[in-house]
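Heads up, the thing below is written out as structure tokens.
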Amino acid sequence: QVQLVESGGGLVQAGTSLRLSCAASGRTFSTYAMGWFRQAPGKEREFVGAINWSGDSTYYGDSVKGRCTVSRDNAKNTVYLQMNSLKPEDTAIYYCAADRTGSGLRDRYNYEYWGQGTQVTVSS
């Protein structure tokens with residue numbers, strides 16, 4: 001069992017940065033790959049980025065590549081999403097998720113556990 005809680009969202013200006021955090025509880029957190037997804041109103045949940053269990057491999061969606069960095073600190077049971085050069089189209093609810101298999105990390109259906117989400121709103 002893994003519990004995930006996102007934080008760090010809010011209202012920001014275009015061109016600025018945010019770092020989202022996802023705090024996890026569970027004895028086997030360090031063995032899970034972790035992903036970030038986002039969902040805007042009326043849209044499907046979209047892949048943002050992911051990181052494997054050891055933290056030496058990362059993956060990013062095309063819409064955010066070059067502007068986002070996923071990292072993790074297994075000692076703190078926390079995964080991060082650093083977002084730079086934010087745009088109004090980045091406005092969405094951002095979710096973190098945990099995957100035990102470490103495969104198909106761009107597919108939301110492969111994730112076993114999900115947080116409640118944190119709202120990010122980017123104004124122009």
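- For the residue pair Q13/S123, the side-chain donor-acceptor check at 3.5 Å is not satisfied.
- Looking at E6 and L81, their side chains never come closer than 4.5 Å, going by heavy atoms from C-beta outward.
- With rounding to the nearest 0.5 angstrom, the CZ atom of R100 is 5.0 Å from the OH atom of Y113.
- Tracing side-chain contacts under 4.5 Å through hydrophobic residues (I, L, V, M, F, W, Y), one reaches W36 starting from L18; they form part of the same cluster.
- In terms of heavy-atom proximity, A50 sits nearest to V70 at N-CG2, 4.0 Å.
- Using a 4.5 Å heavy-atom threshold, the side chains of M83 and Y94 count as touching.
- Here CD of E46 is found 3.5 Å from OG of S63. Values are rounded to the nearest 0.5 Å.
- Residues R38 and V64 have side chains in contact (heavy-atom distance under 4.5 Å, counting atoms from C-beta outward).
- A pairwise comparison of heavy atoms in V2 and A24 identifies CG1-CB, 4.4 Å as the closest pair.
- Applying the side-chain hydrogen bond (donor to acceptor under 3.5 Å, both in side chains) rule to R106 yields no partners; only residues at least two apart in sequence or on another chain are considered.
- Judged purely by atom type and a 3.5 angstrom limit, T78 uses its side chain to pair as donor or acceptor with the backbone of K76.
- Judged purely by atom type and a 3.5 angstrom limit, T118 uses its side chain to pair as donor or acceptor with the backbone of G9.
- Atom CD1 in I51 sits 11.5 Å away from atom OH in Y80 (nearest 0.5 Å).
- Under the side chain to side chain contact (heavy atoms under 4.5 Å, CB included) criterion, Q82 pairs with S17, R19, T69, N84, sequence neighbours left out.
- A donor-acceptor distance shorter than 3.5 angstrom exists from the side chain of N52 to the backbone of G55, with no hydrogens or angles considered.
- Here D99 pairs with A33, T101, L105, Y111 under the side chain to side chain contact (heavy atoms under 4.5 Å, CB included) rule; sequence neighbours left out.
- With contacts defined as side-chain heavy-atom distances shorter than 4.5 Å, the pair R45/Y95 qualifies.
- Partners of R108 according to the side-chain hydrogen bond (donor to acceptor under 3.5 Å, both in side chains) rule, which considers only residues two or more places apart in sequence or in another chain, do not exist here.
- Pairs of residues two or more places apart, or lying in two chains, that qualify as salt bridge (Lys or Arg N to Asp or Glu O under 4.0 Å) and include a residue from residues 65-75 are D62-K65, R67-D90.
- With values rounded to the nearest 0.5 angstrom, S30 atom OG is found 8.0 Å from N77 atom CG.
- Other residues sharing a hydrophobic cluster with V5 under the 4.5 Å side-chain heavy-atom criterion for ILVMFWY residues do not exist; the residue is a singleton.
- Between W114 and F37, the ring planes lie tilted relative to each other; the angle falls in the 30° to 60° range.
- Atom CD1 of I93 is separated from atom NZ of K43 by 15.0 Å, given to the nearest 0.5 angstrom.
- Hydrophobic clustering (ILVMFWY, side-chain heavy atoms < 4.5 Å, transitive): V120 and V79 are in one cluster.
- Residue-environment remark: CD (Q116) exceeds the threshold of 12 foreign heavy atoms within 6.0 Å.
- Here CD of Q3 is found 3.5 Å from OG of S25. Values are rounded to the nearest 0.5 Å.
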